[in-house]
Student: 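Pasting a structure here, questions to come.
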Amino acid sequence: MSYVVTSEKEKKQMLEEIGISSIEELYKDIPKEVFLTEPLNLEEGKSEFEVLAEMRKIAQKNVIFDSTFRGAGSYRHLIPEVVKHLSSLSGFATSYTPYQAEISQGNLQSIFEYQSEICNLCDLEVSNSSIYDGASASCEALVMSLKRDKNKVLISKAIHPNYIDAIKAYAFARDIRIEEIDIEEGLTSLDNLKKKDLESVSSIIVQSPNFYGLIEDVESISTFSKDNKLECVEIVNPISLGMLKTPGEMGVELACGEAQPLGLDQGFGGPYLGFIAASNKYLRKIPGRIVGQTTDVNDKEAYVLTLQAREQHIRREKASSSICSNQALSALRCAIYMAAMGKQGIKEVAKRSFNNAHYAMEQITNIDGFSRKWKGEFFHEFVIDTKVDVDLINKALKENNIEGPYKLGKNEMLVCLTEALSKTEIDKFIDILRQVKK
Amino acid sequence: MSYVVTSEKEKKQMLEEIGISSIEELYKDIPKEVFLTEPLNLEEGKSEFEVLAEMRKIAQKNVIFDSTFRGAGSYRHLIPEVVKHLSSLSGFATSYTPYQAEISQGNLQSIFEYQSEICNLCDLEVSNSSIYDGASASCEALVMSLKRDKNKVLISKAIHPNYIDAIKAYAFARDIRIEEIDIEEGLTSLDNLKKKDLESVSSIIVQSPNFYGLIEDVESISTFSKDNKLECVEIVNPISLGMLKTPGEMGVELACGEAQPLGLDQGFGGPYLGFIAASNKYLRKIPGRIVGQTTDVNDKEAYVLTLQAREQHIRREKASSSICSNQALSALRCAIYMAAMGKQGIKEVAKRSFNNAHYAMEQITNIDGFSRKWKGEFFHEFVIDTKVDVDLINKALKENNIEGPYKLGKNEMLVCLTEALSKTEIDKFIDILRQVKK
Amino acid sequence: MNLIFEKSIENHRCTILPKTDIADYKIDDSYLRKTKVKLPEIAEVDLVRHYTNLSKKTFGVDNGFYPLGSCTMKYNPKVNDSCAALRGFSEISPNSDEEDVQGALEVIWESDRSLCEITGMDKMVFQPGAGAHAEFTSLLMIKKYFHTKGDLNRTKIIIPDSAHGTNPASASMNGFNVISIESKNGIIDLEKLDQVLDESVAALMLTNPNTLGLYDKGILEITKKVHACGALCYYDGANLNAIMGICKPGAMGFDCIHLNLHKTFSTPHGGGGPGVGALGCKSFLMDFLPTPIVIKENESFKFYKPVNSINKVTAFYGNFLVLVRALSYLKHLGSNGIREASENAVLNANYMKAKLSKTFNEPFSGYCMHEFVLDLSSFKEGYGIRALDVCKRMLDFKMHPPTMYFPLIVHEALMFEPTETEGKHTLDKAIEVLEKIVNEIKSGNLDLTQAPFTTEYSRMDEVKAARNPIIRYGN
Amino acid sequence: MNLIFEKSIENHRCTILPKTDIADYKIDDSYLRKTKVKLPEIAEVDLVRHYTNLSKKTFGVDNGFYPLGSCTMKYNPKVNDSCAALRGFSEISPNSDEEDVQGALEVIWESDRSLCEITGMDKMVFQPGAGAHAEFTSLLMIKKYFHTKGDLNRTKIIIPDSAHGTNPASASMNGFNVISIESKNGIIDLEKLDQVLDESVAALMLTNPNTLGLYDKGILEITKKVHACGALCYYDGANLNAIMGICKPGAMGFDCIHLNLHKTFSTPHGGGGPGVGALGCKSFLMDFLPTPIVIKENESFKFYKPVNSINKVTAFYGNFLVLVRALSYLKHLGSNGIREASENAVLNANYMKAKLSKTFNEPFSGYCMHEFVLDLSSFKEGYGIRALDVCKRMLDFKMHPPTMYFPLIVHEALMFEPTETEGKHTLDKAIEVLEKIVNEIKSGNLDLTQAPFTTEYSRMDEVKAARNPIIRYGN
Ligand SMILES: Cc1ncc(COP(=O)(O)O)c(C=O)c1O
Ligand SMILES: Cc1ncc(COP(=O)(O)O)c(C=O)c1O
């Protein structure tokens with residue numbers, strides 16, 4: 001079927017009104033050479049019942065593991081049902097960008113609340129309404145940080161490799177040179193950083209907790225940046241901010257990252273949500289939509305899209321980014337999640353993930369042949385060196401319907417634990433590791 | 001947890017306002033002898049995540065068959081996703097009986113529409129807003145049909161046995177005598193009926209299509225009733241009315257039944273929806289809520305609960321029934337289903353079920369050792385006599401993830417087919433029957 | 001808003017069935033419908049708009065405070081809906097073989113066990129569709145119980161005048177004579193009880209806490225007296241939300257009981273239903289339960305038919321998917337949470353009562369249980385403003401009014417049941433609104449008989465609706 | 001409505017985590033956050049009311065007509081949402097092993113194959129987050145393509161003045177110089193094109209049908225010319241809804257393309273997103289696609305890294321669950337349905353245009369594709385009423401206004417895109433409303449500069465918002 005509403009009889013009336021006898025006449029401007037005479041080589045249409053059954057079969061080809069110890073940029077956190085329910089309410093789901101503020105206050109207010117929550121979480125002053133995902137948000141933040149006539153950016157090698165890939169793509173586009181900062185004990189090397197030629201450098205980008213789960217000394221890096229008049233961009237896991245020092249506290253004025261941990265389904269990688277939070281000085285440089293508070297003509301408190309002069313539909317080639325459609329519904333959902341977990345809940349999620357990871361680390365490293373690769377403090381992920389082949393470990397885990405750690409190398413794995421794991425699940429995991437070893 | 005909202009601090013303020021120091025003081029009227037000092041012997045509370053996981057495990061202990069040939073009062077029809085979506089919209093789900101019409105017009109209008117659709121389907125003039133289910137609706141219809149000083153009711157033996165059980169229960173309650181009408185070739189015997197002593201009989205109840213799927217000669221029974229000044233109640237499958245002669249057309253003034261086939265989940269038997277439709281003469285006898293059209297004081301078209309004088313909250317022991325909470329949300333869902341299928345769709349569902357059943361019947365009876373028990377015309381269910389043990393057949397089917405027919409006896413089964421089955425599924429079923437036989 | 005019929009357009013379609021390879025079978029014309037099927041013809045988009053916009057015109061618990069006394073309009077946790085939506089529950093047939101629906105039987109069994117622990121009953125079943133239906137069923141069991149004993153003269157049911165209308169209605173559906181006894185604030189006068197108690201009485205139906213929200217202190221004496229004359233005690237558990245984990249109806253001397261799972265156990269009310277009428281009884285009545293009941297035999301669950309079963313009151317096992325929600329809620333709350341819910345329901349009611357007693361007359365002073373009643377007669381006398389008017393004015397403040405004119409023994413009654421799922425801030429807001437309305441009444445500046453003023457619809461012409469009933473489109 | 005922060009109350013909680021048996025681990029204080037986490041503290045019931053009531057203040061396609069030109073606000077079938085909600089899609093990690101996510105790869109593969117058939121491209125990927133992101137990515141591929149060829153002087157992108165703002169913005173994000181060429185009604189003037197075409201041009205970006213809803217007849221000549229000078233042709237597929245099954249961009253001579261699956265393929269717009277920027281290209285560009293792409297090898301699906309990949313533009317595979325919806329839609333419509341959709345989108349637009357041409361000025365006459373533009377300059381001149389005022393007045397009639405002031409080349413533009421999912425009755429209603437508004441303008445009885453009159457909120461003070469931006473609570 002096709003969701004065409006009009007009946008044949010009505011179509012006739014419409015054609016008459018237009019003054020033609022068939023719809024094809026409307027296509028007269030299309031050159032004959034390209035006008036299709038054969039139907040598309042696709043299957044015939046199906047009823048929704050058949051489609052749903054088919055899609056169900058496809059979905060069943062994916063494995064949903066009972067427990068997972070794999071993170072690496074996409075995390076299984078607990079998502080309250082109320083969050084799913086509220087974010088699918090039809091007004092939110094089926095509206096477009098709130099151009100008509102009078103009939104979009106629900107949407108606008110909820111984005112304003114989202115912006116506020118992100119600012120609060122990061123201790124910063126400005127947030128936009130969303131960017132596609134963490135990687136693209138990092139790229140946009142990089143672009144925000146660029147200084148005139150300085151076309152080099154230093155990036156930590158401990159940033160998520162997929163993000164580095166994206167940064168390299170954006171850098172190629174903008175003719176920016178990327179130089180990587182070495183790592184030392186799994187952390188961005190301050191020594192290496194200090195040795196860099198800063199001549200044409202605009203900014204430094206680090207991630208904390210970094211790809212390996214380690215907490216970076218962002219404070220020193222941001223101080224170094226300030227001292228050398230560089231911009232410092234921190235990519236941060238927002239859940240960690242329930243517990244760890246914030247960008248704002250560390251003097252970072254530009255933070256960004258992936259908000260998936262804040263209540264979004266893992267969904268094979270999307271839709272996720274890139275966030276950017278910054279100090280006031282970036283207000284007119286930040287890309288994407290921003291909602292601001294105002295009043296209507298009757299002085300009723302209300303919300304509108306504001307500062308649109310930054311955006312492509314007004315500035316065109318001079319816009320700060322080309323972003324138009326964004327991740328509004330993801331932002332709404334994260335906002336609902338943040339309110340559902342609330343001030344205390346978000347701390348608990350962070351602390352619980354931290355505790356689980358530390359308990360597991362202790363247990364794993366008690367097993368012969370398993371050791372931590374680096375010793376630094378970490379949040380909820382850590383790297384284990386193992387004498388056993390990681391593939392073997394993961395195979396054994398899979399047989400128990402457990403998704404094993406992220407493989408970094410034949411004998412190196414990135415282990416992740418969130419609050420979604422119970423002690424029983426962790427102990428079972430440890431047990432299997434113990435057995436594989438033998 | 002407990003969904004208690006108030007914080008400890010607020011509780012203190014509240015206790016102060018009341019002038020007490022602990023909640024227990026509020027319970028001072030409860031005799032010491034019964035005041036519990038031990039906690040309830042139940043498990044501790046759990047988080048919603050644990051509960052959902054537990055319930056998921058329990059749900060997995062139930063088998064969802066790929067295809068089913070079992071009906072017998074609960075039917076697997078195709079339910080459009082839009083029906084599920086719309087009937088769960090929160091205004092509908094979380095409101096109570098629309099006592100405050102000014103803020104319940106959505107609810108009231110939708111029930112009014114439901115009543116209209118039921119009337120249209122049955123060709124009758126009056127419908128209430130719902131009864132618990134088909135069996136209880138049949139009992140309530142029976143009660144409506146009672147005449148003063150006549151305490152006997154004739155019921156067909158071909159009515160669904162569970163309904164007969166319910167009728168017997170209600171009859172015992174009301175001190176009504178039930179007399180069964182024999183069946184002949186699977187149909188209510190007109191001969192037997194004509195031989196009954198009608199002295200103290202109020203009414204006759206038949207079901208069509210009856211429990212065995214056969215279409216009863218309701219017209220003759222209703223004529224017989226009229227001739228003998230009896231009331232005639234028809235229990236009817238509403239989906240069949242997309243195709244088959246309606247109660248109204250057959251002179252029946254009181255119809256009732258189970259509306260589950262109109263878009264309700266099978267859900268292990270409920271929530272379903274009992275409907276009652278009747279001619280105008282029953283208007284003040286019909287139990288349950290009724291919505292009527294009116295205007296508000298500004299002359300705006302609107303809807304209200306009406307004719308409430310029949311109901312328990314006003315008439316108390318003189319009420320037509322004790323029903324209070326009903327199946328409003330089921331009625332809403334059926335109304336949405338009826339609109340979604342629409343005038344043509346409902347015909348197609350009926351016709352398709354009919355065709356599938358007739359095709360299957362033809363195929364089955366072509367197999368040696370399978371024959372129809374009775375020869376009458378049927379809707380979408382029919383009884384097969386088989387030389388093979390029905391249990392064996394059903395076991396073989398189950399191994400193919402097919403739910404077999406309803407077992408009537410060791411060698412007798414009630415086969416049901418709806419539009420949800422494709423030819424491929426039916427052919428597979430037939431194939432298995434063929435093989436079991438060997 | 002236009003009716004869906006008015007939006008119907010010839011040959012518009014929403015849902016389309018799969019293609020089929022099976023040809024049409026013939027059927028004799030005499031079987032066929034000749035009249036038109038007058039269902040709407042409407043496209044999916046128009047269907048969605050119709051109902052989405054209707055739902056916006058329906059105020060539910062998800063929209064605001066809903067202190068509808070006696071109805072226990074708690075907030076309904078969304079996780080319960082997710083449980084009920086599991087295909088393993090929603091897509092199974094009640095006619096499936098026992099072995100294929102063990103999970104469903106487990107739901108019934110677990111709910112039974114938990115609710116028996118909470119109420120002090122021995123067995124609980126869920127076949128009745130709602131509270132009233134369970135009342136009817138229980139009384140039927142009582143009737144059959146006496147019949148089976150050969151005690152055929154028990155034709156009366158005693159019901160206090162404060163009882164819910166379903167009580168007398170259910171009794172008379174069973175052919176019993178209803179003996180209404182006068183109560184004081186719903187509290188049974190023991191002397192009056194004595195006067196009506198004799199061998200012709202089958203049962204007493206009691207709501208405790210009663211419909212005024214008061215716990216009847218004399219409860220043990222009452223049930224003793226009833227038992228003494230050979231009659232049974234029936235507990236209307238609509239008000240169980242006050243006493244879960246605090247005391248058990250079973251211990252108070254009740255022989256059978258109904259619970260409204262849609263109230264106390266937090267399943268959405270759906271605009272009037274479906275609910276579940278859970279029916280519990282002591283073991284001596286178990287043989288009379290509607291068939292089948294679920295029993296457990298070596299780790300597996302079975303259906304069982306009680307020997308003297310009253311048969312059935314619905315075709316299958318009641319509103320099962322509603323029961324799933326209630327069980328999810330039960331597991332969620334657990335032992336402590338259940339008691340905590342009751343305590344806070346009572347706390348909330350007393351707080352509102354205490355604060356409102358400064359502005360309103362109460363038919364009685366002292367503590368209440370989970371709900372309380374105000375008497376607005378003085379406003380009617382003094383200012384011509386009725387309880388109804390106050391309720392209609394409340395609509396302007398985006399809250400649902402309390403129950404009006406129930407129980408019948410209080411004139412101009414307003415019955416508030418805030419429930420434990422409302423916070424102090426919500427109660428404070430409601431109190432503020434009510435005080436404001438009282439000021440409006442006293443100042444006389446606003447004609448409250450015309451309220452509400454800001455809602456999309458104004459007061460309804462109910463007389464018109466009843467005088468010339470239009471109850472379907474196109475008649 | 002109060003902000004959620006204003007509803008926050010100390011120690012109120014919504015979601016509670018499971019109990020844990022794992023003790024707290026110590027961490028050096030220097031790592032810890034010292035500032036307060038200023039998130040709301042709110043109970044589930046209050047959270048639900050907040051958002052339920054906010055959703056009621058948000059007009060979506062489910063509430064009414066939404067002819068927002070260029071945005072293709074189709075009705076979004078609910079079955080698509082059901083597909084996306086399947087746990088097998090929503091609960092899988094993008095970091096899972098290939099063998100465990102074969103279903104997900106199948107979704108990507110099948111979508112790729114179907115959309116290539118529809119567009120005439122050779123490969124389609126879904127990593128970009130939306131249309132603009134796909135534009136950026138494609139231009140990056142083009143840039144890398146020329147770099148790899150050693151052709152380093154192609155620094156220009158030609159874009160007609162009628163283009164969407166994302167086109168020039170995406171070009172300049174890639175360091176290209178934007179050469180804007182004047183068009184007539186969005187139609188390319190071949191002579192003007194000749195003037196700018198040379199070896200410094202990397203690509204032409206074209207929307208065809210263009211943003212005025214016109215199909216550029218000269219398309220084959222245009223792409224030929226562009227190719228002749230060694231540049232590539234980029235197709236902005238935002239308007240594909242007009243021509244599916246009718247003609248293929250690939251056949252028109254385009255080398256790469258983006259599609260907005262959230263438009264043409266009917267996934268809900270979510271208040272601004274997420275969408276999917278599907279990116280298609282001819283085989284000679286495949287090596288440059290973002291990594292990884294999905295390939296099929298003996299019945300199983302694999303990830304593959306194109307040799308000259310531009311790397312990545314999002315971390316994983318784009319907005320996958322949105323893609324699931326689009327695939328569900330594709331399967332639903334199938335070969336015929338897809339063409340039917342386009343035909344009827346065009347029919348609907350032409351019907352509205354024909355009827356409205358009696359009342360409004362059109363910047364051009366003749367047939368349009370799936371959308372059309374009205375020019376309201378004459379009302380501005382004659383009556384001082386702007387396109388904006390007309391839109392605001394439309395709000396009173398419970399419909400969403402069309403796109404205003406786009407494309408920029410038409411002053412006082414109103415751009416209507418009814419889409420095929422609207423019935424004639426809805427168009428007729430909208431036409432009636434617009435005619436009524438024109439009468440109001442002409443009669444002068446109503447001051448439309450003050451519209452809307454009946455909505456909950458009136459016109460906004462946008463200047464105030466921009467002058468002193470308040471973009472978060474409590475600053
Ligand atoms: C005290 C009391 N008893 C019985 C009932 C009847 O319950 P139901 O509506 O579930 O039939 C109610 C319902 O409001 C009630 O409040
Ligand atoms: C013609 C045209 N091109 C590109 C875009 C950008 O697409 P998106 O919003 O998905 O980034 C749009 C969106 O409105 C459009 O209309």
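Source: prediction; values computed, not measured. We name chains A, B, ... by the order of the sequence lines, and we start the count at 1 in each one.
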Student: Less than 4.0 angstrom from a charged side-chain N to a carboxylate O is my criterion; do A:Lys11 and D:Glu343 meet it?
Tutor: no

Student: Please classify the contact of A:Ser88 with chain D as side chain, backbone, both or neither, using a heavy-atom distance under 4.5 Å.
Tutor: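 Interface part for A:Ser88: neither.
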
Student: Between A:Arg289, A:Gln105, A:Gln115, A:Lys347, who has the most heavy-atom pairs with chain D when the cutoff is under 4.5 Å?
Tutor: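 Ranked by heavy-atom pairs under 4.5 Å with chain D, first place is A:Gln105.
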
Student: Before accepting this row, confirm whether a basic side-chain N of the pair D:Lys331/A:Glu43 lies closer than 4.0 Å to the acidic partner's carboxylate O.
Tutor: no

Student: Is any NZ, NE, NH1 or NH2 atom of the basic residue among A:Glu102 and D:Arg459 found under 4.0 Å from an Asp or Glu carboxylate oxygen of the other?
Tutor: no

Student: Please flag which part of D:Ile27 lies under 4.5 Å from any non-hydrogen atom of chain A: side chain, backbone, both or neither.
Tutor: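 D:Ile27 touches chain A through backbone and side-chain heavy atoms alike.
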
Student: Tell me if the centroids of the rings in A:Tyr359 and D:Tyr25 come within less than 6.0 Å of each other.
Tutor: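 No; D:Tyr25 has its ring centre 6.0 Å or more from that of A:Tyr359.
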
Student: Taking side chain as everything from C-beta outward and backbone as N, CA, C, O, which of these in A:Ile290 sits under 4.5 Å from a heavy atom of chain D? Side chain, backbone, both or neither.
Tutor: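 When you check distances to chain D, only side chain atoms of A:Ile290 fall under 4.5 Å.
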
Student: Salt-bridged, A:Arg70 to D:Asp97, with N to O below 4.0 Å?
Tutor: yes

Student: Determine, for D:Tyr31 and A:Lys245, whether the Lys NZ or Arg CZ falls below 6.0 Å from the six-membered ring centre while staying within 45 degrees of the axis.
Tutor: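 Negative - A:Lys245 is either too far from the ring of D:Tyr31 or too far off its axis.
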
Student: Assess the residue pair D:Lys464 and A:Thr295 against the criterion (side-chain hydrogen bond (donor to acceptor under 3.5 Å, both in side chains)); give the C-alpha distance rounded to whole Å, side-chain angles, the decisive distance to 0.1 Å, and a yes or no.
Tutor: CA-CA 8 Å; D:Lys464 178 176 172 182; A:Thr295 45; 3.0 Å; yes

Student: Check A:Lys61 with D:Glu106, please: is the shortest side-chain N to carboxylate O separation under 4.0 Å?
Tutor: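 Salt bridge flag = yes for A:Lys61 with D:Glu106.
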
Student: Are A:Arg352 and D:Asp24 ion-paired here, with the side-chain N under 4.0 Å from a carboxylate O?
Tutor: no

Student: Checking side-chain hydrogen bond (donor to acceptor under 3.5 Å, both in side chains) for the pair D:Ser458/A:Asn298: CA distance, chi angles, key distance, verdict?
Tutor: CA-CA 7 Å; D:Ser458 308; A:Asn298 299 323; 2.8 Å; yes

Student: Does A:Lys300 make a cation-pi contact with D:Tyr457 (under 6.0 Å, within 45 degrees of the axis)?
Tutor: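 Yes, A:Lys300 and D:Tyr457 form such a contact.
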
Student: Cut-off 3.5 Å, side chains only: do D:Thr35 and A:Asp123 have a donor facing an acceptor?
Tutor: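 A pair is found: one side chain offers a donor N or O, the other an acceptor, under 3.5 Å apart.
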
Student: Using heavy-atom distances under 4.5 Å, tell me whether A:Val304 contacts chain D through its side chain, its backbone, both, or neither.
Tutor: side chain

Student: Parallel, tilted or perpendicular, judged at 30° and 60°: which one describes the rings of A:Tyr170 and D:His133?
Tutor: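 Taking D:His133 first and then A:Tyr170, their aromatic rings sit tilted (interplane angle of 30° to 60°).
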
Student: Can you say whether the rings of D:Tyr75 and A:Tyr3 are parallel (under 30°), tilted (30 to 60°) or perpendicular (over 60°)?
Tutor: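 Rings of D:Tyr75 and A:Tyr3: tilted, as their planes differ by 30° to 60°.
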
Student: If I measure from the heavy atoms of chain D, does A:Ile18 come under 4.5 Å with its side chain, its backbone, both, or neither?
Tutor: both

Student: Between D:Ala23, D:Cys14, D:Pro168, who has the most heavy-atom pairs with chain A when the cutoff is under 4.5 Å?
Tutor: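 Among D:Ala23, D:Cys14, D:Pro168, the one with the most close pairs to chain A is D:Pro168.
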
Student: Taking A:Ala302, A:Pro39, A:Ala72 one by one, which has the highest count of heavy-atom pairs under 4.5 Å against chain D?
Tutor: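 Greatest number of close heavy-atom pairs with chain D: A:Ala72.
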
Student: Which answer fits A:Glu33, side chain, backbone, both or neither, if we ask what part of it has an atom under 4.5 Å from a heavy atom of chain D?
Tutor: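 A:Glu33 touches chain D through side-chain heavy atoms alone.
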
